[in-house]
Amino acid sequence: MADKTLDAKGLNCPLPILRAKKAINEISPGQTLEVLATDPGAVADFAAFCRTTGNELMESGQTGNVYRFVIKKV
Amino acid sequence: MADNPKSMSIIVTKGSLDWAYPPFILATTAAAMDVNVTMFFTFYGLELLKKKLDLQVSPLGNPAMKMPMGGIHMAMPNIVGMLPGVDAAATVMMKNMIKKKGVASIEDLRTAAVESDVKMIACQMTMDLFEYKMEDMIEGPVLGGAASWVDLATKSDINLFI
């Protein structure tokens, strides 16, 4: 269970990343953020976001047309 | 990550609705990725700093602009694109598509840029040339010239001209 969930479904680039950043600012280091998105570009983008920011991408998966990411704040 | 932040500068030279996207998308995304961003607005790019945005898109002289229409994609012949009202109609179409597809508005991206501490420089020379006033611009931009950008660019990891 993530500490916070962000519903970014229906949003297009770069909004899921921008909203995720805002949400990460609201949690503490060590806590996790779950992001739900429908933008297929989000798969590569959340991996890139985590590589650059140092946050840990713990899960990246897909159910139907919804992508789900779990990010742990460093 | 914050110990050694990367930095990016973007020279923004265009002020139409379509060309407003790349600089603001890249600036806000980079800022979200802990990159220090500075945008240098010059010539038509200054249009993007006005308090009241009235951005248009024009199919005229743009053979690559193929809007989806009833299942197909159509480019507009220049002789049609030059007619009065075509730009306005194309702009309405584009804005409808933007809304429908969950794409951010330029207003929203610009607000996000300001909120995420993207630095903005308005080109003093163009402000002068076009007789623009800082009062007509949003809060935040500072005045600067080419030297400001060159100084910044020598220290930036990424420099873009859009």
Side-chain angles (χ1 to χ4, degrees), chain A residues 2 4-58 60 62-74, chain B residues 1-10 12 17-37 39 48 57 67-68 93-118 120 156-160 162:
Chain A
K4 193 178 175 74
T5 295
L6 169 71
D7 183 357
K9 296 197 289 288
L11 298 179
N12 223 320
C13 170
L15 290 175
I17 292 287
L18 301 189
R19 302 272 166 91
K21 172 65 175 181
K22 251 190 184 160
I24 286 171
N25 286 343
E26 289 162 9
I27 59 175
S28 308
Q31 287 192 312
T32 52
L33 172 72
E34 174 188 48
V35 183
L36 304 173
T38 47
D39 164 26
V43 178
D45 281 356
F46 274 99
F49 173 81
C50 289
R51 268 198 307 276
T52 304
T53 57
N55 294 299
E56 188 187 340
L57 185 60
M58 298 175 69
S60 175
Q62 182 181 3
T63 316
N65 62 348
V66 177
Y67 301 94
R68 181 176 172 274
F69 310 98
V70 178
I71 299 166
K72 187 175 181 184
K73 180 173 181 173
V74 285
Chain B
M1 54 177 178
D3 311 334
N4 185 21
K6 300 280 181 193
S7 54
M8 173 162 91
S9 87
I10 308 174
V12 187
L17 177 63
D18 44 355
W19 279 97
Y21 275 92
F24 278 122
I25 287 176
L26 292 172
T28 51
T29 302
M33 293 167 81
D34 303 321
V35 175
N36 289 328
V37 183
M39 303 174 85
L48 308 183
V57 66
M67 307 267 263
M93 268 185 75
M94 181 75 88
K95 285 190 173 165
N96 286 340
M97 279 163 46
I98 284 165
K99 249 194 204 135
K100 206 173 85 188
K101 298 284 165 73
V103 173
S105 69
I106 291 299
E107 285 84 348
D108 288 349
L109 287 176
R110 187 173 72 171
T111 304
V114 171
E115 283 174 357
S116 51
D117 294 328
V118 168
M120 299 185 183
S156 293
D157 299 284
I158 308 163
N159 293 304
L160 299 177
I162 299 178

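Within every chain, numbering begins at 1; the chains are lettered A, B, ... in the order of the sequence lines, protein sequences first and strands thereafter.
Closest of all the heavy-atom pairs between B:Ala32 and A:Thr53 is O-CG2, 4.1 Å. The shortest non-hydrogen separation linking B:Gly102 to A:Leu15 is O-CD1, 3.8 Å.
Separation of atoms CG (B:Asp34) and CG (A:Asn55) is listed at 7.5 Å; rounding is to 0.5 Å. For the atom pair B:Met33 CE and A:Asp45 CG, the distance stands at 8.0 Å (nearest 0.5 Å).
The number of heavy-atom neighbours closer than 6.0 Å to NZ of A:Lys72, taken from other residues, nucleotides and ligands shown, is 12 or below.
Only the side chain of B:Ala112 comes within contact range of chain A, with at least one heavy atom under 4.5 Å from a heavy atom of that chain. With a 4.5 angstrom heavy-atom cutoff, B:Leu109 touches chain A only via side-chain atoms.
Proximity of A:Lys21 to B:Thr29: side-chain heavy atoms (C-beta onward) are nowhere separated by under 4.5 Å.
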